[in-house]
Each structure stands twice: as C-alpha cells, then as structure tokens.
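Step one of this worksheet: look at the structure below.
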Amino acid sequence: MKKRVLKSASALGLAAAVAGTAGIGPVMAAPKRGLADGVAADKLAKAQQKAPDMEGLDVRVANWYEGEPTPPKNQYEEDLADYREYIQSTFNFTIHKDNIGGWGESYTEQHSISITAGDPIAQVGELDESWFPTLFNNAFCAPLDTLSTIDFSEAKWNQGVLEATRFKGHVFGMAVGHEPGAGIFFNKRLLQEAGYDQDALYDFQKNGTWTWSKFEEVLNACTRDIDGDGEIDTWGMTGFNSDFYKTAVYSSGAQFVSKDADGYFHNEMDSEPVQNAITWANDMWQKYAEPQPDDEAWDYFKASFNKGNAAMRVTEEYAKSELGTLEDEWGFVLFPCPDGQELIAIERPSVFFIPSLYTNKEAEKIAFAFDLYTDTVPGYEGADIWKEDYYGLYMDKRAVDETLARMMNGKTLVPLDRFVYGFDDQLGDLFIWNMANGSLTPAEAFDMKMASWEAVVADQNACIDVLAGSNHLEPLTEAEPETEPETEPETEPETEPATEPATEPATETQPVTDPGTAAPTGDMMPIVAIVVLALASGSVLVALRKKKA
C-alpha cells in the first residue's frame, strides 16, 4: 500500500512541504518523502519564482466523457484533490473539467462555432486524435511550444503526439502520458481446448515469442471443426476487419503516412512495409477470421465473441466494457509483432489544444494552469498508481501488470494517418472492406485507391500551406494597442462652405478591437472567412483549397 504523503483534510501538508523549499508561507516540517523532494515539488518551488499573475483566471477543460471528479475513493485521490486545491489557491486560478457533449454529439462543432464567435467554450479542449485536423485546419489551435510557462521536454508529455501535431516547427497539440490502445482479447477456455495453457498468450508476450508466426500458430489451432461435419465451430479470431488490418500495419512499425521536417505529410501506401503488412493481414483474415453472417449487422463480432465463437478479438482496449455477457474467463495482450522485431503498443491518445483566439499573455496563463493541473502529485513520482483504476475492470492482474504496463511504459506508436483529414475514410471503403470480403486482392485494392490517398494527403498539405501563408503557424503575439487616429494638419478656414463629399473618405479606418476578447482582426481575417465558408459548406478542405487557389 502506498504510504500516505498528504493530509486528507486539507492541503496544509503540501503547502508546508513546498514552503520549506520555495520560501512561501510558514515554514513547517515536511513529510519524510515526496513533498519536499523530487521532480514535482522542485517544479512547484520554481513556479513560485516565475508564475504569471493569474488574476483569478478560470480555466475550463472540455471533454466528451467526464465532468467534475467524484468524491475520493482512495488515498491517492484524496492527495490529488489536496494537490489541486493547493495549486489553485496558491497561484490564484481555478481549473475544472467539463463534459460538453458525448461522442458524436456535435463536440467539435461546439468548439468551432464558439471560437469563430470570439468566445471559446473552453480554454483547453480535449480531442480524439482523429478530430484534431478539423480544429487545426480551421486555424483554431494555438502554437504551444513557444509558451514560456510550459516545458515539453518534461517526461510527462507524449512525444509522439507533439511530433504528430508539429507543423512548420511549432507544436499545436499536446498529450500527457500514454493511453492503452489496440490489442487482443482472448478466451481462455477456447485456448485450453486448442491445447494451450490458459495464460499462454501472456507467457508468449513476456518471453518475447509473441510474433506473427506464433499468432498464426494459435489462430490455426483455435480454428476448429469440433463435430466433424465439415463446418468450422470455433474460429481463431473475430472483430472489425478495419481494426485488424490497420493494427497489423502499425504492429510492424509501418505508417500509412509519414511527415517531413516541415510537417507536410507523405503517402506511404506504396511502400514495401505497408504492402507486406496488408498482404499478411489479408492472408490471416481469409484463413482464420469468422465471416460476417449474411443476416447480421457489421458489428456481429461483438455478440459472437461473447458467445464463445472465436478465441481472439482484435480491437481497442476500451472494448473491455463490451465483454459483460462473456461467461468464459478472458485476458488481454498486445498485438503480435513480425518475427525478429519488438512489440509495439499502438496508441489512441487524447490531444489537448488551446484556442488560437487568445493572446500570448492569455495563453501563457492557460498553459501554466494546465501544466500544473496535469502534474504528478508530489510523492507519487514513479508510482504505478494508475493500475488501481484498471484492476477492477479485468479478470486477471497480468492484463494490467504486463499488457497495460507495456502500453503505458514501453515502445509506442502514434498513427499519423489519423492527423490527415479524411484519410481514415479512404482506408475502409473499397480497400480493407473489399479485401476482407474477398472482392479484391491486396494488389487490386492498392491500385484502385492509390489516387484517392494521394488526393487526401495533398488536401491536408494544402491546408498547411494556407495556414502558413496567413501567419497562423507563427507564435502568438499580444493584442495591438489602440491608437488615436491621425489628425489632419490645421488649415485656414475656407471662405466658401465646403461641399458634402459624394462618398465616405477612403482613408477612414475601422475601429481596432482586442483579438483576445473579440472577433479576430488583421492576419486572422482571411482564416475567419475560410472558417465561415467551411462551416456553411460543410467542407473545410474545399474552402481552404479555394483560398489557396
């Protein structure tokens, strides 16, 4: 059990510990571990010396799945609540999560419309990575790497996300740590009936033999005609074909797209690694995957796996919530790697952004608050406290201690294609789906879709060009101060009354507004015009390409 390091009744223990380091408040004896020592406490101490004047700033962190925290249910959550209370009271700001709508409930539209109107719905927005291009392409994401109150060299930041959202040398999205992603749920009973120990997949994963060839061996053993009637009774695997084919590519370390130093994307669908992985995946699918029944919906595999019709299901980690009707014991492992390679955890991280509407001074304050809010509680550095949230959701500890631990701390890959607007749509229709149902061979499918992928990548790069041309990919600046209009030099009064001009003077200027609190002006106006057109037409990319042309 983790030793208690904070007082649960209040933040007094934390305040006293940091006071001993930073020289604030009454100097009191610090706890024996954690608070007066270590990375988090040292960072708090340094923050005292360079903290911006937060002026009571309220920071709303919007997401689609959770709101304010529930009452603490263990010691760590008590200490986390105390830590967050301390940073808010010490630095004079408030910060809180707010659920603004579930998956598919106009979540990105709420961000887009509010930013366009000059009143962002949140100071920090959380996005599924596939939503990031929508906000970025509309010039809604501020460059973050030049903000002095945040240091992306800290270990807590997900470097894969920073690179995925880096364009023209600047970073526009951030993520804290790593999240479990794609893997394989397996039925222990079916594994035993096929001749394996019920925990064999964990053992293969642990001893380095969980490879494509071992995977095929298990698939073959579990694809069985039990009653000898010539019909398969249990299949090696089931699942959504897109999940399987794409995960196979990522597991080999390949990417459907790459990025260059300037952030431009390049189509890699004609590369040997991608084509080899897709060809292998198609071979496995045709031999060992349960076919979709003619009278079943596309998601037939959910009920089928729960009925014990297949030994394995390839999907995202969050699908554990769909296994409630499975009566057999089950486990969870990473997707295997090609022979001779290392297992890779495929991520699907959340991406956080700060709206570009804010000035540099405002964004600095928002970043300062979010950085402290997402820090490890002093005293818990290096602890595996995250496991406590998962143990109760799995049927065995090995899934958490071995599989999820590798996903959190091992070699990871962030799929870049999810940051190209529309690319994922081109992977399903007429490509993976047609290979999976046997309509096309991999060679035919690649030939049919290559031009579509090239077009989608070109569209995304066109967006980058437009944003660069509008200076949106440059660091934030402060609002221009208002100036008094220049007056005409005094002249002698005319002897004859002046005639009324036919039109307004051409030199009259529009009033200056504060870009931090009102609709953007100056260099942002072309982008706002693009946004309005895009929202009206429903096509961001078309609008951007028209602007470029």
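Along the sequence shown, residues carry numbers from 1. Please read these numbers as outputs of a predicted model, since none were measured by experiment.
Under a 3.5 Å cut-off, the side chain of Gln460 and the backbone N or O of Tyr421 do form a donor-acceptor pair. With Asn187 contributing its side chain and Leu190 its backbone, the two residues share a donor-acceptor pair below 3.5 Å.
Between Phe215 and Phe335, the ring planes are tilted. Angles from 30° to 60° get that label. Ring planes of Trp64 and Trp131: perpendicular class, angle over 60° (limits at 30 and 60°).
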Next on the checklist: Would Trp453 and Phe431 count as a ring-ring contact (aromatic ring centres under 6.0 Å, His included) here? Give the steps.
Outcome noted: CA-CA 11 Å; Trp453 294 316; Phe431 184 61; 4.8 Å; yes
Next on the checklist: Show, in sequence, the C-alpha distance, side-chain angles and deciding distance for Phe352 and Phe370, and conclude whether the ring-ring contact (aromatic ring centres under 6.0 Å, His included) test is met.
Outcome noted: CA-CA 10 Å; Phe352 294 88; Phe370 183 73; 5.0 Å; yes
Could you tabulate the donor-acceptor pairs under 3.5 Å formed by side-chain atoms of residues 398-415, not counting sequence neighbours?
residue: Arg398; atom: NE; partner: Glu402; partner atom: OE1; Å: 3.3
residue: Arg398; atom: NE; partner: Glu402; partner atom: OE2; Å: 2.8
residue: Arg398; atom: NH1; partner: Asp203; partner atom: OD1; Å: 3.1
residue: Arg398; atom: NH2; partner: Asp203; partner atom: OD1; Å: 3.0
residue: Arg398; atom: NH2; partner: Glu402; partner atom: OE1; Å: 3.2
residue: Asp401; atom: OD1; partner: Lys387; partner atom: NZ; Å: 3.3
residue: Asp401; atom: OD1; partner: Tyr391; partner atom: OH; Å: 2.5
residue: Thr403; atom: OG1; partner: Gln205; partner atom: NE2; Å: 3.0
residue: Thr403; atom: OG1; partner: Phe332; partner atom: O; Å: 2.6
residue: Arg406; atom: NH1; partner: Gln205; partner atom: O; Å: 3.3
residue: Asn409; atom: ND2; partner: Ala405; partner atom: O; Å: 3.4
residue: Thr412; atom: OG1; partner: Glu347; partner atom: OE2; Å: 3.2

Which atom pairs, donor and acceptor, lie under 3.5 Å between side-chain atoms of residues 307-314 and protein residues at least two apart or in another chain?
residue: Asn309; atom: ND2; partner: Ser304; partner atom: OG; Å: 3.2
residue: Arg313; atom: NH1; partner: Glu322; partner atom: OE1; Å: 3.2
residue: Arg313; atom: NH2; partner: Glu322; partner atom: OE1; Å: 2.8

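Looking only at atom types and distance, the side chain of Tyr380 has a donor-acceptor partner in the side chain of Asp79 under 3.5 Å away. A side-chain N or O of Tyr196 and one of Glu217 form a donor-acceptor pair less than 3.5 Å apart. In the model, Tyr202 has a side-chain atom that pairs as donor or acceptor with a side-chain atom of Asp396 under 3.5 Å. Side chains of Glu126 and Tyr65: a donor-acceptor N/O pair is present below 3.5 angstrom, by distance only.
Under the salt bridge (Lys or Arg N to Asp or Glu O under 4.0 Å) criterion, Glu216 pairs with Lys287, not counting sequence neighbours. Listed by chain and number, the residues in a side chain to side chain contact (heavy atoms under 4.5 Å, CB included) with Asp299 are Ala297, Phe301, Lys302 (sequence neighbours excluded). Remark: Asp429 engages no residue in a salt bridge (Lys or Arg N to Asp or Glu O under 4.0 Å) (not counting sequence neighbours). Remark: Arg166 engages Glu163, Val171, Lys259 in a side chain to side chain contact (heavy atoms under 4.5 Å, CB included) (not counting sequence neighbours).
Salt bridge status for Lys188 with Asp199: present, with a side-chain N to carboxylate O gap under 4.0 Å.
Other residues, nucleotides and ligands contribute over 12 non-hydrogen atoms within 6.0 Å of the CE atom of Met450. Atom NZ of Lys156 sits in a crowded spot, with more than 12 heavy atoms from other residues, nucleotides or ligands closer than 6.0 Å. The environment of Asp294 atom CG is sparse: at most 12 non-hydrogen atoms of other residues, nucleotides or ligands sit within 6.0 angstrom.
With Trp280 as reference, Trp212 is the one residue of Trp212, Tyr245, Trp285 to meet the ring-ring contact (aromatic ring centres under 6.0 Å, His included) rule. If you run ring-ring contact (aromatic ring centres under 6.0 Å, His included) between His111 and each of Phe140, Phe136, Phe353, only Phe353 comes through.
A cation-pi contact, defined as under 6.0 Å to the ring centre and within 45° of the axis, links Arg84 to Tyr373. In this structure, Lys214 forms a cation-pi arrangement with Phe204, its terminal cationic atom sitting closer than 6.0 Å to the ring centre and no more than 45° off the ring axis.
Here the OG1-CG distance, from Thr211 to Asp339, works out to 4.0 Å after rounding to the nearest 0.5 Å.
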